[in-house]
Amino acid sequence: MCGRYELTTEFKDLPSVLKNDLPKGFKENYAQQTLIKPTDPVIVLKNEGKASTSLMLWGFISEWSKDPFAPSTPKPFNARAETIKEKRLFKRSWSHKRCVLPANGFFEKGYRIRRKDLEPFWLAGVWNRWMSPEGSELETCCVLTTEPNDLVRPLHNRMPVIIPNGLEDEWIAPVKDLAELRALEPMLGGWISDEWVAESLHSSATHQQIDLF
């Protein structure tokens, strides 16, 4: 599961691929975030013919939803990698709308899981576009999860799928056929924890905030 994460990299140090096609005002309004949670606006890298950076809401909304803001409307913030190809809610996005979300760490039970070198990494996701009858648009996304590795297993029975740095373009690229889509499936598995650490946040303000949820 991934229900809280952070993005604390300064703008100048963000991966260059995020800066190639930015929303208007993104650079001026960018701020480091120590706690990102479902329903928050999140930074997403997607590809609809070319890689571009978008701001989306974290909580996947189907295109057939009548009212995306109604409390009763499902807004899942995670999707299981094992069933992403089969679920009606997600399978079109798996085929055509994959994305990545930059992060510096994610949180589980009072621990921050991060890279030992403190570098940002990519959370794997899928996204969707809801359109109103009047033509207004809303883009939303969710993070894919998989079986935990040795580092995360003591904390939770799920962990986010992480796309290795350098393969983000391959993950988000439009695919032409089923064979190309199947070639992405190995990325849905677990990741090796050797370069990662789980650090306790027992004395930090961030931990106090997380414990409120």
Task: Cluster link Tyr30 to Leu57, ILVMFWY, side chain under 4.5 Å - done: no

Task: Distance, nearest 0.5 Å, that separates CD1 of Ile43 from CD of Gln33 - done: 6.0 Å

Task: Any donor-acceptor N/O pair, Arg98 side chain to Ala173 backbone, under 3.5 Å - done: yes

Open item on the list: Quick check for you: to the nearest 0.5 Å, what is the distance between Phe121 atom CZ and Leu7 atom CG?
Closed with: 9.5 Å

Task: Phe11 six-ring centre to Lys19 NZ/CZ under 6.0 Å and within 45° of normal - done: yes

Task: All ring-ring contact (aromatic ring centres under 6.0 Å, His included) counterparts of Trp122, not counting sequence neighbours - done: none

Open item on the list: To the nearest 0.5 Å, what is the distance between CG on Leu45 and CG on Asn20?
Closed with: 8.5 Å

Task: Heavy-atom pair of closest approach, residues Leu155 and Ile113 - done: CD1-CD1, 4.0 Å

Open item on the list: Could you see if Leu144 belongs to whatever hydrophobic cluster contains Trp127? Use Ile, Leu, Val, Met, Phe, Trp, Tyr and a side-chain cutoff under 4.5 Å.
Closed with: yes

Task: For Glu119, salt bridge (charged side-chain N to carboxylate O under 4.0 Å, His left out) partners two or more places apart - done: none

Open item on the list: Please enumerate all residues that pass salt bridge (charged side-chain N to carboxylate O under 4.0 Å, His left out) together with Lys116, with sequence neighbours excluded.
Closed with: none

TODO: Identify, with sequence neighbours excluded, every residue that meets salt bridge (charged side-chain N to carboxylate O under 4.0 Å, His left out) alongside Asp13.
DONE: none

Task: Those residues that, when tested against Trp94, pass ring-ring contact (aromatic ring centres under 6.0 Å, His included) (two or more places apart) - done: Trp171

- [ ] Assess the side chains of Glu134 and Ser136: does a donor N or O sit below 3.5 Å from an acceptor N or O?
- [x] no

- [ ] Any chance you could measure Ile36, atom CD1, to Phe106, atom CZ, to the nearest 0.5 Å?
- [x] 13.5 Å

Task: For the student: nearest non-hydrogen atoms of Thr145 and Glu82, plus distance - done: O-OE1, 4.0 Å

Task: Co-membership, hydrophobic cluster, residues Val175 and Leu167, 4.5 Å side-chain - done: yes

TODO: Would you please classify the geometry between the Trp196 ring and the Trp191 ring as parallel, tilted or perpendicular, with 30° and 60° separating the classes?
DONE: tilted

- [ ] Return each pair, listed once, that meets salt bridge (charged side-chain N to carboxylate O under 4.0 Å, His left out) where at least one residue sits in residues 137-151; pairs must be two or more places apart or across chains.
- [x] Lys46-Glu139, Arg129-Glu137, Arg129-Glu139, Glu147-Arg158, Asp150-Arg153

Open item on the list: Among residues at least two apart in sequence or on other chains, which ones pass salt bridge (charged side-chain N to carboxylate O under 4.0 Å, His left out) with Asp21?
Closed with: Lys50

Open item on the list: Return the OG to CD1 distance between Ser93 and Ile84, rounded to the nearest 0.5 Å.
Closed with: 7.5 Å

Task: Candidate pair Trp64 and Arg88, rule side chain to side chain contact (heavy atoms under 4.5 Å, CB included), full reasoning - done: CA-CA 11 Å; Trp64 59 81; Arg88 177 173 178 253; 3.4 Å; yes

Task: Stepwise side chain to side chain contact (heavy atoms under 4.5 Å, CB included) check, Tyr111 with Val197 - done: CA-CA 10 Å; Tyr111 285 81; Val197 64; over 6 Å; no

Open item on the list: Working note: Asn149 + Met159, criterion side chain to side chain contact (heavy atoms under 4.5 Å, CB included); need CA distance, chi angles, decisive distance, verdict.
Closed with: CA-CA 8 Å; Asn149 57 25; Met159 69 179 186; 3.7 Å; yes

Open item on the list: According to a hydrophobic-cluster definition based on side-chain heavy atoms being under 4.5 Å apart (Ile, Leu, Val, Met, Phe, Trp, Tyr only), do Leu18 and Ile163 belong together?
Closed with: yes

Task: Donor-acceptor contact present, side-chain Asn29 to main-chain Gly25, <3.5 Å - done: yes

Open item on the list: Has Thr140 got a side-chain atom pairing as donor or acceptor with Ile61's backbone, closer than 3.5 angstrom?
Closed with: yes

TODO: Check side-chain contact (heavy atoms from CB on, under 4.5 Å) between Lys87 and all other residues, then give those that pass, not counting sequence neighbours.
DONE: Thr83, Phe90

Open item on the list: Tell me the closest heavy-atom pair linking Cys141 and Leu101, and the distance in Å.
Closed with: SG-CD2, 4.1 Å

TODO: Please determine which of Phe107, Trp58, Phe77 meets the ring-ring contact (aromatic ring centres under 6.0 Å, His included) test together with Tyr5.
DONE: Trp58

Open item on the list: What I'd like to find out is whether the side chain of Gln32 reaches to under 4.5 Å of the side chain of Glu10, using heavy atoms alone.
Closed with: yes

- [ ] Indicate if Val42 and Leu22 have the same hydrophobic cluster label, given that clusters are the connected sets of ILVMFWY residues with side-chain heavy-atom separations under 4.5 angstrom.
- [x] yes

Show me the side-chain donor-acceptor pairs of residues 177-188 shorter than 3.5 Å, one per line, residues at least two apart or across chains.
unit_1 : atom_1 : unit_2 : atom_2 : d
Asp177 : OD1    : Ala179 : N      : 3.2
Asp177 : OD1    : Glu180 : N      : 2.9
Glu180 : OE1    : Lys176 : N      : 2.6

Task: Within residues 70-81 or reaching into it, pairs that qualify as salt bridge (charged side-chain N to carboxylate O under 4.0 Å, His left out) - sequence neighbours excluded - done: none

- [ ] Write down the atom of Pro23, the atom of Ser54, and the distance for their closest heavy-atom approach.
- [x] CG-CA, 4.2 Å

Task: Partners passing side chain to side chain donor-acceptor pair (under 3.5 Å) against Glu199 (at least two apart in sequence or in another chain) - done: Arg112, Arg114

- [ ] State whether the side chain of Asn104 and the backbone N or O of Thr8 hold a donor-acceptor pair below 3.5 Å, judged by distance alone.
- [x] yes

Task: Listed partners of Asn47 passing side chain to side chain donor-acceptor pair (under 3.5 Å), at least two apart - done: none

Task: Minimum-distance pair of heavy atoms, taken over all atoms of Cys2 and Leu123 - done: SG-CD1, 4.4 Å

Task: More than 12 heavy atoms of other groups within 6.0 Å of Glu48 CD - done: yes

TODO: Might you point out which heavy atoms bring Val44 and Cys99 nearest each other, and give the distance in Å?
DONE: CG1-CB, 3.4 Å

